[in-house]
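Report on the structure given below.
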Amino acid sequence: MLRMSTLFLRTLREDPADAEVAGHRLLVRAGYIRRAAPGGFTWLPLGWIVYRNIERIVREEMDREGFQEVHFPALLPKEPYEATGRWTDYGDNLFRLKDRKGADFLLAPTHEEMFTLLVKDLYSSYKDLPLVLYQIQTKYRDEARPRAGLLRGREFVMKDSYSFDVDDEGLEASYQKHRVAYQRTFDRLGLPIVIVSAMSGAMGGSASEEFLAPMVVGEDTYVRCTTCDYAANTEAVQVAPPATIAFEGLPAAEVVDTPDTPTIQTLVDLFNARADLRRPDRDWTAADTLKNLVVKLKNPDGTFTALAIGVPGDRDVDMKRLEAQVSPAEIEPFTEADFALHPSLAKGYIGPGALGLEHASGIRFLVDPRIVDGTRWITGADSPGKHVKDLVMGRDFTPDGIIEAAEVHDDDPCPKCGSPLEMARGIEMGHIFQLGRKYAEALGLTVLDEHGKTRVVTMGSYGIGVSRAVAAVAELNNDTKGLIWPRAVAPADVHIVATGKATDPQLPAAELLAAECEAAGLRVLFDDRVGVSPGVKFNDAELVGVPTIVVVGRGLADGVVEVKDRRTGDKADIALADVVAHLRTQL
RNA sequence: CGGGGAGUGGCGCAGUGGUAGCGUUCCUGCUUUGGGUGCAGGAGGUCGGGGGUUCAAAUCCCCCCUCCCCGACCA
């Protein structure tokens, strides 16, 4: 039994000034956590109880699938991470340190390498697979910007698991088991989840999905269909290409003088203003123009490659989407010096005429999927002050390929059903990932198959943010008065408040009730403080957020106590003799 | 890393060069006991850190650190 008289707890009367988002603010105010370091938090008794409840649920769902728990050090030598290139790839996000002999160590941001090596150490036969191992471990990432308390810290707890299979079918099965286990886990935590397709990116895996809890303070933007079940991370959205158009009857391309049209808007205005250029049926819009952007890719080996991207003029290139497409290369701006090296590019008037591996610039030219055969465009004519109109895709120019890099907008058509898409924000609670053989290859994890042949093991990795889940549940379960925990994770089932003076009958009656509740299997938080006014106790109870509040107060004279539902605010007077049975029905 | 805001008792804030204050919290006493009760007395701060200017710095100057917000970044 937790007693308020002795519990290590101090609730704050006012909001802490450095906490913006509701969940963070309330976790601090209600005495669940304290900031201890940049991006690091101390769990106070109530917070630690909630944390462990969540951890227990995660563990139970892993165990239910037959996954086996192990536990690695967080402090690791650099060598395994050098073997996979991550010692450098992780960049500034990796906490690096040296031991007394000067050897390099790191605080692990994730443990793919160690799990791979552990399995390599002990297993060598296909008969040993499939295998799934997991741990619940503190992770370290030197985040550029820790945020919103536990939502993004530099030290946090993650459940990470890793599957090991002989073949792709096995990987798929392990992946699906995790998918199901994750759905059940988040369901038990009371977290609404949208599963979105994510980019497999540089990892080269075939599938990756994120489990997002929708919330406005979320950091990830994703799109979801307003009609069907399609949902995808913004980076992974696939644009549905329109139907192609026959070339017959399309006007011939024509170069026109368009002085002083540095922007899409000025170009469109000019076309609408000039009688010789006006469209008879409707006004020109930015969507009629083809915008060509040139960037520089910094390849992993340090070399640079130029890349041109063509998108409809009513959209910008989304750098995040572009980066996801070209990963592991990084995007750098195309500078004046770069233009000097490519005299065929007329800045501000770049067009398909100069772009493409087979054309003057030799720059690879990729276009948005909406640019299909037969679409006609106003675009740069590769000469200052000139544009070309009615340049027809497939007839007048052919790019080197397609790229998904244009901005995604609300109301874009769903690639699955064509209904409008909408953008939303969420926080990543879990990520499941078909890694494939990258780590097994780099670290030499192989097994012998039934024919005695060496096979590289194929892997998956799967994460749940455990400490983040505390923050997410708090964020989604509160009101102006405080937290409202879902019962499965709440620090107690019932918060018993005794009002009255020390000599009044309420206190001993509440004491007795608390003991009975506990004997009946209820987890009890008992406000047994004397000399504290009822208002303070009521406010604290609402702030702390235990789902059921029982007040042993003035009704005691009539043999009843008040049972209040924290979430709905519903109150009922229940006869003292019936309280325990009544409370048990609410579990 | 870029832009913006801010660091003063546990928490929230005031204090533009001259002995650090208010509210709350905490302690003591009395009072009060169904919505943060009232009164009185008390405790608690090297004013984020380091340099500098000055007779004198929370206050002015320089450097650094940290926190919050936006962006970049983020299996």
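Given the structure is predicted, the values throughout are model-derived calculations rather than measurements. Per chain, numbering begins at 1; letters A, B, ... match sequence-line order. Excluded from the calculations below are hydrogen atoms, water molecules and symmetry mates; all remaining heavy atoms, backbone and side chain alike, are included.
As rounded to whole Å, 7 Å separates atom P of B:C68 from atom CZ of A:Arg35. Atom-to-atom, CZ of A:Arg141 to P of B:C73 comes out at 16 Å; the value is rounded to the nearest Å. In this structure, A:Lys501 atom NZ and B:C30 atom P are separated by 14 Å, rounded to whole Å. Rounded to whole Å, the distance from CZ on A:Arg566 to P on B:G35 is 18 Å. In this structure, A:Asp316 atom CG and B:G71 atom P are separated by 16 Å, rounded to whole Å. The interatomic distance linking A:Asp527 (CG) with B:G34 (C1') rounds to 14 Å, in whole Å.
Taking the side chain of A:Asp540 as heavy atoms from C-beta on, and the options B:G34, B:G35, B:G36, the nearest nucleotide is B:G36. You'll find that the side chain of A:Lys571 is closest to B:G35, out of B:C74, B:C26, B:G35.
Of the inter-residue distances, the one linking A:His178 atom NE2 with A:Ser161 atom OG reads 3.0 Å to the nearest 0.5 angstrom.
B:C13 and B:G17 have their C1' atoms separated by 22 Å, with the value rounded to a whole Å. Taking the P atoms as reference points, B:G49 lies 25 Å from B:G4, given to the whole Å. Here, B:G71 and B:C64 have their P atoms 26 Å apart, quoted to the whole Å. The C1' atoms of B:U24 and B:C63 are separated by 36 Å, rounded to the nearest whole Å.
For A:Tyr32 and A:Trp485, the ring centers sit closer than 6.0 Å to each other.
One finds a side-chain N or O of A:Ser533 lying less than 4.0 angstrom from the OP1 or OP2 phosphate oxygen of B:U37.
A:Val166 meets the side-chain contact (heavy atoms from CB on, under 4.5 Å) test with A:Tyr126, A:Leu129, A:Arg455; sequence neighbours excluded. For A:Asp540, the side chain to side chain donor-acceptor pair (under 3.5 Å) test picks out A:Thr11, A:Arg529, with sequence neighbours left out.
With salt bridges taken as basic N to acidic carboxylate O contacts below 4.0 Å, none links A:Lys139 and A:Glu155.
The only member of A:Phe72, A:Phe164, A:Tyr134, A:Tyr439 that meets ring pair (Phe, Tyr, Trp, His ring centres under 6.0 Å) when paired with A:Phe115 is A:Phe72.
Within the 4.0 angstrom heavy-atom criterion, no nucleotide atom of any strand lies near A:Gln506. Counting non-hydrogen atoms under 4.0 angstrom, A:Thr110 reaches a base of the nucleic acid.
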* Structure fact -> In 5'-to-3' order, the base (B), backbone-only (S) or no-contact (-) status of each nucleotide in nucleotides 2-13 of chain B, using a 4.0 angstrom heavy-atom cut-off, is --------SSSS
